[in-house]
Amino acid sequence: MRRLLVTGAAGFIGSNFVHYWLGRHPDDRLVALDALTYAGNRESFEAATLQRGFRFVHGDIRDLDLVISLLTEERLDTIVHFAAESHVDRSIARPDVFLDVNIVGTHRLLQAARTVWLDPKGSPAKHRFHHVSTDEVYGDLGPDDAPFSETTPFRPNSPYAASKAAADHLVRAYHRTYGLETAISNCSNNYGPYQYPEKLIPLCVVNLLQGKDIPVYGDGKNVRDWMYVEDHCAGIERTLERGQPGRTYNLGGNCERDNLTLIGTLCKTLDEVFAGDPDLAVRYPAALAAGGRPSAHAISFVSDRPGHDRRYAVDARRAAKELGYEPTTDLSAGLRKTVHWYLENEPWWRGVMGVSYDDWVREQYPDS
Ligand code: NAD
Ligand code: TYD
């Protein structure tokens, strides 16, 4: 039985992880810590609040005293660290917030873990610090380059990626220097339920439903490796169970697509779902699919993102060999589930989109 602290549990992957974990480990204690930024929503883990082992704490990972008291009072033995500022475009506009949360915040968690778990006065407690990271720390690839492996040098290109790379280094240093039992997973692009509609896939879905355009950056030929979020949760579970302390594991979806191809598949999926359910045309009359027109007609090319990474691809052989881990959801099944989830959860996405990011930043960082 584990006693976990899950940071960022009200965000996209964190909330999926809470559902995943409590569904499979109902006797575990799971303390969810989240600052509830614009990207974090209580509704995303609402079902979990009914479960015996679950507790939500509204707080900040940068609050060292709070984290130390949670680890101590709750006798937690595992941290799964998702909390972060996570959107590349926002990091280009406001890098300072990303450095503060992703680097300083991760360091505070490491300090807390070291203080409680490696107390020199007691014998070291059994523990694990799992840091959830991204393939973006490795930079980007040309069309014929070999995928990123765990030994690919870090070459982050956006402030987001640079802040995650710095956090990865700190986690590694705490293992090497203090003996903290850490593991890092570097995963490719996720999609699925509860993803804030600022990232490509949910943005496309909610825009199409509202009759708005799909903004494609540049030529639309940038390549990402897509993974259904539940598969990522399974990869983290495997890493917790079988991963070696101090080791890094790449997790990939085995699903490289350029943005135009991905968007084309998503549009077709939405068109098929509308064709099979006439009520949807009544609910979403502005959608192209409501009038029987292809959703792909909503594609609109816009200016490119500065420093836009061209291609990500992940060599996940270490996770396959050492953890026995492979993702299982193929893209068409994952996109279909995702489209259905957004159709069934309109109050969720309308609610989260009501929070203004700019207001939130002004409130948190009045001087920046
Ligand atoms: P998200 O933006 O949806 O959620 C982040 C969560 O962290 C939110 O609930 C937010 O309220 C919380 N948070 C932010 N600052 C906090 C603070 N100071 N203290 C406590 N909580 C705070 O992000 P996500 O997409 O779920 O990503 C989760 C993690 O996974 C991130 O570390 C990200 O780098 C990593 N990751 C994401 C992807 C992806 O495709 N989304 C892929 C690989 C890795
Ligand atoms: P995103 O979901 O922001 O993830 P990341 O930048 O972390 O990979 O973007 C995925 C890809 O989609 C990326 O190449 C940028 C592109 N994109 C668009 O073309 N239009 C958009 O409106 C967004 C949000 C992303």
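Counting convention: from 1, in listed order, for ligands and their atoms alike.
- No heavy atom of Ser15 sits closer than 4.0 Å to any atom of ligand 1.
- With a 6.0 Å radius and a threshold of 12 heavy atoms from other residues, nucleotides or ligands, Arg305 has its CZ atom above the threshold.
- Comparing heavy-atom distances from atom 12 (C) of ligand 1 across Val229, Ile236, Asp34, Val97 singles out Asp34 as nearest.
- Which of Tyr160, Tyr196, Phe98 comes nearest to atom 33 (C) of ligand 1 through a heavy atom is settled by distance: it is Tyr160.
- In terms of polar-atom proximity, Ile61 is counted as a contact of ligand 1, with an N or O under 3.5 Å from an N or O of the ligand.
- Proximity annotation for atom 14 (C) of ligand 1: of Thr37, Leu36, Leu33, Thr37 comes nearest, heavy atoms only.
- The parts of Asn190 lying near ligand 1 are both backbone and side chain, judged by heavy-atom distances below 4.0 Å.
- Relative to the ring axis of Tyr174, Arg176 does not place its NZ or CZ within 45° and under 6.0 Å from the centre.
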Begin with the C-alpha distance, continue with both residues' side-chain angles, and end with the deciding distance and a verdict on side chain to side chain contact (heavy atoms under 4.5 Å, CB included) for Phe54 and Val31. CA-CA 6 Å; Phe54 180 82; Val31 178; over 6 Å; no
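- Under the 6.0 Å distance and 45° angle rule, Arg238 does not count as a cation-pi partner of Tyr325.
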Distances for all N or O pairs of ligand 2 and the protein under 3.5 Å?
{"from": "ligand 2", "atom 1": "2 (O)", "to": "Leu200", "atom 2": "N", "distance (Å)": "2.9"}
{"from": "ligand 2", "atom 1": "3 (O)", "to": "Arg305", "atom 2": "NH2", "distance (Å)": "3.0"}
{"from": "ligand 2", "atom 1": "4 (O)", "to": "Asn189", "atom 2": "ND2", "distance (Å)": "3.4"}
{"from": "ligand 2", "atom 1": "6 (O)", "to": "Arg305", "atom 2": "NH1", "distance (Å)": "2.5"}
{"from": "ligand 2", "atom 1": "6 (O)", "to": "Arg305", "atom 2": "NH2", "distance (Å)": "3.3"}
{"from": "ligand 2", "atom 1": "7 (O)", "to": "Glu136", "atom 2": "OE2", "distance (Å)": "2.6"}
{"from": "ligand 2", "atom 1": "8 (O)", "to": "Asn189", "atom 2": "ND2", "distance (Å)": "2.9"}
{"from": "ligand 2", "atom 1": "8 (O)", "to": "Arg224", "atom 2": "NE", "distance (Å)": "2.7"}
{"from": "ligand 2", "atom 1": "12 (O)", "to": "Asn259", "atom 2": "ND2", "distance (Å)": "3.4"}
{"from": "ligand 2", "atom 1": "14 (O)", "to": "Arg224", "atom 2": "NH2", "distance (Å)": "3.3"}
{"from": "ligand 2", "atom 1": "14 (O)", "to": "Asn259", "atom 2": "ND2", "distance (Å)": "2.9"}
{"from": "ligand 2", "atom 1": "14 (O)", "to": "His308", "atom 2": "NE2", "distance (Å)": "2.7"}
{"from": "ligand 2", "atom 1": "19 (O)", "to": "Tyr217", "atom 2": "N", "distance (Å)": "2.9"}
{"from": "ligand 2", "atom 1": "20 (N)", "to": "Pro215", "atom 2": "O", "distance (Å)": "2.7"}
{"from": "ligand 2", "atom 1": "22 (O)", "to": "Pro215", "atom 2": "O", "distance (Å)": "3.4"}

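- Annotation: Tyr194 is in aromatic contact with His19 [ring centroid separation under 6.0 Å].
- Nearest residue to atom 24 (P) of ligand 1 from Ile13, Asn102, Asp60 is Ile13 (criterion: closest heavy atom).
- Note: Trp117 and Phe129 fail the aromatic proximity criterion, with ring centroids not under 6.0 Å apart.
- The cationic group of Arg155 does not satisfy the cation-pi geometry with Phe148, failing either the under 6.0 Å distance to the six-membered ring centre or the 45° limit from the ring axis.
- For the 3.5 Å distance criterion, the side chains of Asp168 and Asn186 qualify, holding a donor opposite an acceptor.
- The ring of Phe154 has its center closer than 6.0 angstrom to the ring center of His169.
- Only the backbone of Ser133 comes within 4.0 Å of ligand 1, judged by heavy-atom distances.
- The shell of residues lying under 4.0 angstrom from ligand 1, judged by heavy atoms, includes Ser188.
- Taking the six-membered ring for Trp, Tyr196 and Phe12 have ring centres at least 6.0 Å apart.
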